[in-house]
Amino acid sequence: MPNPRVLGYLGRALSHELSAVAQYLTHAGLTRLWGMDEVADHFRQEAQEEQEHAERLTTRMLQLGAMPNAPQLTPVRAGASLIDLLLADRELELRAVMFYREAANYCALINDLDNQTFFGALHDEELGHLRELDAWLERLRRSQAGL
């Protein structure tokens, strides 16, 4: 029988990933309306990556004998500029990084190495997204400052 707290982490993670899909798709739609087609394509790709995370979480829950459930989606955050969107996405990714680190650490504590590895991989992928967002924001800030 899987640890109930691990199942809770999986359910919360699924909620997070589905919320991320909605946010990235919204940002894709906004940037397409703003005439930023390449940026919109980037956001659509991010939505697809988050969807893949949701699929992995669903599969993991089924493997553990649990019915996948996303108890609560968080509201989409948007903004009036690309920087606003990126800051909202940075916050989303930062929450994911911290959450997956917590989940992996808990699994290590209870000696659940399979789920520790599973959450650790998601942590590393979200950390990569966070670093990409930080670099993008830095480039935008430099270009606005004329550097």
Side-chain angles (χ1 to χ4, degrees), residues 2 5-64 66-108 112-147:
R5 190 162 167 189
V6 172
L7 292 177
Y9 278 121
L10 290 166
R12 287 178 25 218
L14 183 57
S15 292
H16 172 82
E17 296 297 344
L18 293 174
S19 296
V21 169
Q23 182 157 311
Y24 280 120
L25 288 176
T26 299
H27 292 185
L30 281 171
T31 51
R32 185 135 352 253
L33 287 173
W34 297 342
M36 305 170 89
D37 290 342
E38 285 183 38
V39 173
D41 291 342
H42 175 82
F43 284 135
R44 286 191 63 71
Q45 178 61 37
E46 289 295 325
Q48 184 176 10
E49 288 180 27
E50 302 297 355
Q51 177 65 35
E52 290 169 4
H53 289 172
E55 290 173 14
R56 285 166 47 195
L57 286 157
T58 298
T59 299
R60 187 71 173 172
M61 292 174 87
L62 291 171
Q63 289 169 339
L64 294 174
M67 187 56 61
N69 187 16
Q72 184 175 2
L73 300 183
T74 57
V76 169
R77 288 195 49 226
S81 71
L82 179 56
I83 287 180
D84 290 341
L85 300 183
L86 294 175
L87 288 171
D89 294 339
R90 185 185 190 285
E91 184 179 309
L92 183 78
E93 297 296 347
L94 182 59
R95 281 196 319 264
V97 166
M98 293 182 335
F99 175 77
Y100 287 129
R101 181 181 306 133
E102 177 187 322
N105 287 342
Y106 176 75
C107 291
D112 182 347
L113 299 181
D114 287 341
N115 284 312
Q116 178 188 3
T117 300
F118 180 79
F119 285 121
L122 289 167
H123 169 271
D124 293 348
E125 291 169 29
E126 298 294 3
L127 185 59
H129 292 164
L130 182 61
R131 288 179 177 151
E132 289 171 10
L133 284 166
D134 283 343
W136 194 356
L137 282 162
E138 182 61 26
R139 286 190 306 273
L140 286 173
R141 289 178 178 134
R142 283 186 178 177
S143 70
Q144 287 181 344
L147 300 175

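Index from 1, following the sequence.
Between A40 and A28, the shortest heavy-atom contact is CB-O, 3.3 Å. Nearest approach of L7 to A66, heavy atoms of both residues: CD2-CB, 3.8 Å. Closest approach of L137 and L86 over heavy atoms only: CD2-CB, 3.6 Å. What you find for A104 and G120 is that their closest heavy atoms are CB-N, 4.0 Å. In plain terms, the two heavy atoms of D84 and G79 that are nearest each other are CB-CA, 3.7 Å.
A side chain to side chain contact (heavy atoms under 4.5 Å, CB included) with T31 is found for exactly one of V39, D41, D37, namely V39. Each of E126, R131, E132 was compared with H129 under the side chain to side chain donor-acceptor pair (under 3.5 Å) criterion, and only E126 meets it.
Looking only at distances, a side-chain donor or acceptor of S19 sits under 3.5 Å from a matching main-chain atom of T74. Between the side chain of Q23 and the backbone N or O of R77, at least one donor-acceptor pair lies under 3.5 Å.
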Note to self: What verdict does the side-chain contact (heavy atoms from CB on, under 4.5 Å) test give for L30 and F43, after you've listed the backbone C-alpha separation in whole Å, the side-chain angles of each residue and the deciding distance to 0.1 Å?
What the structure shows: CA-CA 10 Å; L30 281 171; F43 284 135; over 6 Å; no

Next item on the list: Just do the side-chain contact (heavy atoms from CB on, under 4.5 Å) check on L14 and N69 with the steps written out, would you?
Entry: CA-CA 7 Å; L14 183 57; N69 187 16; 5.9 Å; no

Note to self: Using side-chain contact (heavy atoms from CB on, under 4.5 Å), reason through R142 and E138 one step at a time and then give a plain yes or no.
What the structure shows: CA-CA 6 Å; R142 283 186 178 177; E138 182 61 26; 3.1 Å; yes

Next item on the list: Could you walk me through whether V6 and F118 pass side-chain contact (heavy atoms from CB on, under 4.5 Å), step by step?
Entry: CA-CA 11 Å; V6 172; F118 180 79; over 6 Å; no

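Judged by distance alone, the side chains of Y9 and E102 do bring a donor and an acceptor atom under 3.5 Å apart.
Of the inter-residue distances, the one linking D124 atom CG with Y100 atom OH reads 12.0 Å to the nearest 0.5 angstrom. Here the CD atom belonging to E125 is positioned 9.0 Å from the CD atom belonging to E50, to the nearest 0.5 angstrom. Atom CG in D89 sits 12.5 Å away from atom CG in L94 (nearest 0.5 Å). For the atom pair CZ of R90 and CG of L87, the computed distance is 8.0 Å after rounding to the nearest 0.5 Å. Going from atom CG of L82 over to atom CE of M36 covers 4.5 Å, rounded to the nearest 0.5 Å. With values rounded to the nearest 0.5 angstrom, H123 atom NE2 is found 10.0 Å from M98 atom CE.
The side-chain tip of R12 does not point at the ring of F99 from less than 6.0 angstrom away and within 45° of straight on.
Contact of the L62 side chain with the P68 side chain is registered, since non-hydrogen atoms from C-beta on lie closer than 4.5 Å. By the 4.5 Å heavy-atom criterion applied to side chains, E46 and H27 are not counted as neighbours. With a 4.5 Å cut-off on side-chain heavy atoms, R60 and D114 count as touching. Within the 4.5 Å cutoff, no side-chain heavy atoms of E49 are placed close to those of Y24.
Using a 4.0 Å cut-off between charged nitrogen and carboxylate oxygen, E52 and R56 do not count as a salt-bridge pair.
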